[in-house]
Structures are given as C-alpha cells and as structure tokens.
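Numbers for residues simply follow the sequence, beginning at 1.
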Amino acid sequence: MREWMGNASNVDGARCLLVLPGLNYSAQLPGLYLPMRALSLEGWKVFHGQWELADLSAPERRAAVSEAAAEFVCRTARAGRRLIMAKSLGTLAAGCAADHAIPAVWVTPLLRDDRCVRDIARSSAPALLVAGSRDWAWDDAAARRTGKRRLQLGTCDHALLTGDWREEVEMLEVLTSAVADFARDFTCVNSGV
C-alpha cells in the first residue's frame, strides 16, 4: 500500500481512502482512477494497493489483500473518516472493513465467494455494491443477502466494459458520482450532521 502521487494539494489526512485494485484492473484504470481523483479533489487523502498477484495461490492473494487493508487501518488510525473502494480481488478486504467498521464501495465484488459475501454482510458500516448486468462475479441473490445498497451499471462486464465507448463514458460518470455521493452521505451520517 502506498500514498497516491495524484493526491490534490488540499488533502489533510482527516479523511482517508484506500483503493484496492483487481487482479487485472489497476488503480490507474478509469473505474478506479476517476472516483479516486474525485475524492482527492474533495479533500480525501488517497492510498492504493499495487501488486502482482497472478502467480499466487487463492489463499496467498486473500492474505495480500488483507495485509494491504490492515496496513491502511494502522497508517490511518487518527483519521476521522476512512473509506475503502475495492474492485474484484480487492473486495477480499471485506473482512478487514467489517472488523473495523470501515464504509466501503465494492466494485464488481466477488459475490460468488461465500466468505466475501459474509464479510460484506456482517459489516456494521454502510457499503455500496456496484456491477453491471454482464459481470460474471455478480450474484444478485447474494448481493441482496448482504443488506447493502446496490448499483447496477447498465450492461457492463467485469472489466466495466460494454463494447460502446459512449455507454462506457456514461457509466464511468455514474460510478464516479455514486462514489462521491456515497462518501458525502456516510460522512454526514457518521458525523451526526
């Protein structure tokens, strides 16, 4: 985990965001980069995971993701607000988020992984689950069982692609706005405003 070099100059560390990429979807790709940039411009200090996990076993991947989330918890212990935004493999950090009641945006969450679903569901913090109708990892029944808010991004697949660049740009705007709104909403709820 590292601090994002693109942090805006107005970040103060009172609000901290951890972005955990997927196995083949880095934080520099638009579905993570644009929401990251939006929150940074709104004053959030952004951290992100960066890894090469392709050669690791499933338990090793889960451990690496959990380790990054645990490091974020330690490094941001004094932050007033924390948020995790994770895509696909990064959603395996749901256990850490639940353990520390950290609100989260789970983009293309691994809802066919029972442990991931249980961890999302047991969190007392708000969460937003986001995916498209053609995402192989999405399970609508599992998403409903978590009791968390859900957002369907049209017909995009697991890589957040539709095959039509206009639809993809619109979908990225919807995603970015939803993440920014979620961050604002839970901050107001948590602060008693």
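Ile84 has its side chain within reach of Trp106: a pair of non-hydrogen atoms, C-beta onward, lies under 4.5 Å apart. For the pair Leu23 and Arg61, the minimum side-chain heavy-atom distance is below 4.5 Å. The shortest side-chain heavy-atom distance between Thr146 and Val117 falls under the 4.5 Å cut-off. Side-chain contact between Arg184 and Asp181 is present, with at least one heavy-atom pair separated by less than 4.5 Å. Inter-residue side-chain proximity for Leu110 and Ser88 is flagged as met; some heavy-atom pair is nearer than 4.5 Å. Counting heavy atoms from C-beta outward, Tyr25 and Lys87 have side chains that approach closer than 4.5 Å. Between Lys45 and Thr76, the closest side-chain pair of non-hydrogen atoms is not below 4.5 Å. Contact of the Asp185 side chain with the Arg149 side chain is registered, since non-hydrogen atoms from C-beta on lie closer than 4.5 Å.
Here CG of Asp140 is found 10.5 Å from CZ of Arg145. Values are rounded to the nearest 0.5 Å. Note: His48 NE2 to Asn7 CG = 9.0 Å, rounded to the nearest 0.5 Å. Rounding to the nearest 0.5 Å places CG of Leu153 at 9.5 Å from OG1 of Thr108. In this structure, SG on Cys16 lies 8.5 Å from CD on Glu3, to the nearest 0.5 angstrom. Distance check, rounded to the nearest 0.5 Å: OG1 of Thr176 to CZ of Arg37 gives 12.0 Å. For the atom pair SG of Cys96 and CD1 of Ile102, the computed distance is 5.5 Å after rounding to the nearest 0.5 Å.
Leu89 and Leu161 sit in two unconnected hydrophobic clusters of ILVMFWY residues. Membership requires side-chain heavy atoms under 4.5 Å apart, directly or through other members. Cluster annotation: Leu160 is not connected to Val169 through the hydrophobic network of ILVMFWY side chains, with a link wherever side-chain heavy atoms come within less than 4.5 Å. Met85 and Val11 fall into different hydrophobic clusters, defined by Ile, Leu, Val, Met, Phe, Trp and Tyr side-chain heavy atoms under 4.5 Å apart, directly or through other members. A single hydrophobic cluster is seen to contain both Leu18 and Val73, as judged by linkage of ILVMFWY side chains at heavy-atom distances under 4.5 Å, directly or through other members. Linking Ile, Leu, Val, Met, Phe, Trp and Tyr residues whenever their side-chain heavy atoms come within less than 4.5 Å places Leu34 and Val105 in a single cluster.
Between Trp136 and His158, the ring planes are tilted. Angles from 30° to 60° get that label.
By the 6.0 Å contact criterion, CD on Glu168 is enclosed, its count of non-hydrogen atoms from other residues, nucleotides or ligands being greater than 12. For CZ of Arg122, the number of neighbouring non-hydrogen atoms (other residues, nucleotides, ligands) closer than 6.0 Å is greater than 12.
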Practice task
Determine, stepwise, if the pair Trp44 / Leu83 fulfils side-chain contact (heavy atoms from CB on, under 4.5 Å).
Solution key: CA-CA 9 Å; Trp44 288 77; Leu83 173 63; 3.8 Å; yes
Problem - From CA spacing to verdict: side-chain contact (heavy atoms from CB on, under 4.5 Å), Asp157, Asp135 - result: CA-CA 4 Å; Asp157 62 16; Asp135 181 1; 5.9 Å; no
Exercise for the section: Under the salt bridge (Lys or Arg N to Asp or Glu O under 4.0 Å) rule, what do Glu42 and Arg15 come out as? Steps first, then yes or no, please. Expected result: CA-CA 10 Å; Glu42 292 190 6; Arg15 295 174 296 161; 5.6 Å; no
Handout entry: Worked verdict on Tyr33 versus Trp4 for side-chain contact (heavy atoms from CB on, under 4.5 Å)
Key = CA-CA 10 Å; Tyr33 174 85; Trp4 185 43; 3.4 Å; yes
Practice task
Go through Arg150 and Trp138 one step at a time and tell me if the side-chain contact (heavy atoms from CB on, under 4.5 Å) criterion holds.
Solution key: CA-CA 11 Å; Arg150 300 178 314 277; Trp138 184 260; 4.1 Å; yes
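In terms of heavy atoms, Ser40 sits closest to Val46 at CB-CG2, 4.0 Å. In this structure, Val19 and Ala27 approach most closely via the heavy-atom pair CG1-CB, 4.3 Å. Of all non-hydrogen atoms in Ser124 and Ala101, the two that sit nearest each other are OG-CB, 3.6 Å. Between Cys116 and Leu92, the shortest heavy-atom distance links the atoms CB-CD2, 4.3 Å. Closest of all the heavy-atom pairs between Leu172 and Pro30 is CD1-CB, 3.7 Å. Ser123 approaches Lys148 most closely through the heavy-atom pair O-NZ, 2.7 Å.
With sequence neighbours left out, the side chain to side chain contact (heavy atoms under 4.5 Å, CB included) criterion links Asp139 to Leu111, Arg112, Ala141, Ala142.
Defined by atom type and a distance below 3.5 Å, a donor-acceptor pair is present between the side-chain atoms of Glu60 and Ser57.
Ion pairing between Glu170 and Arg166 fails under the 4.0 Å rule for side-chain N and carboxylate O.
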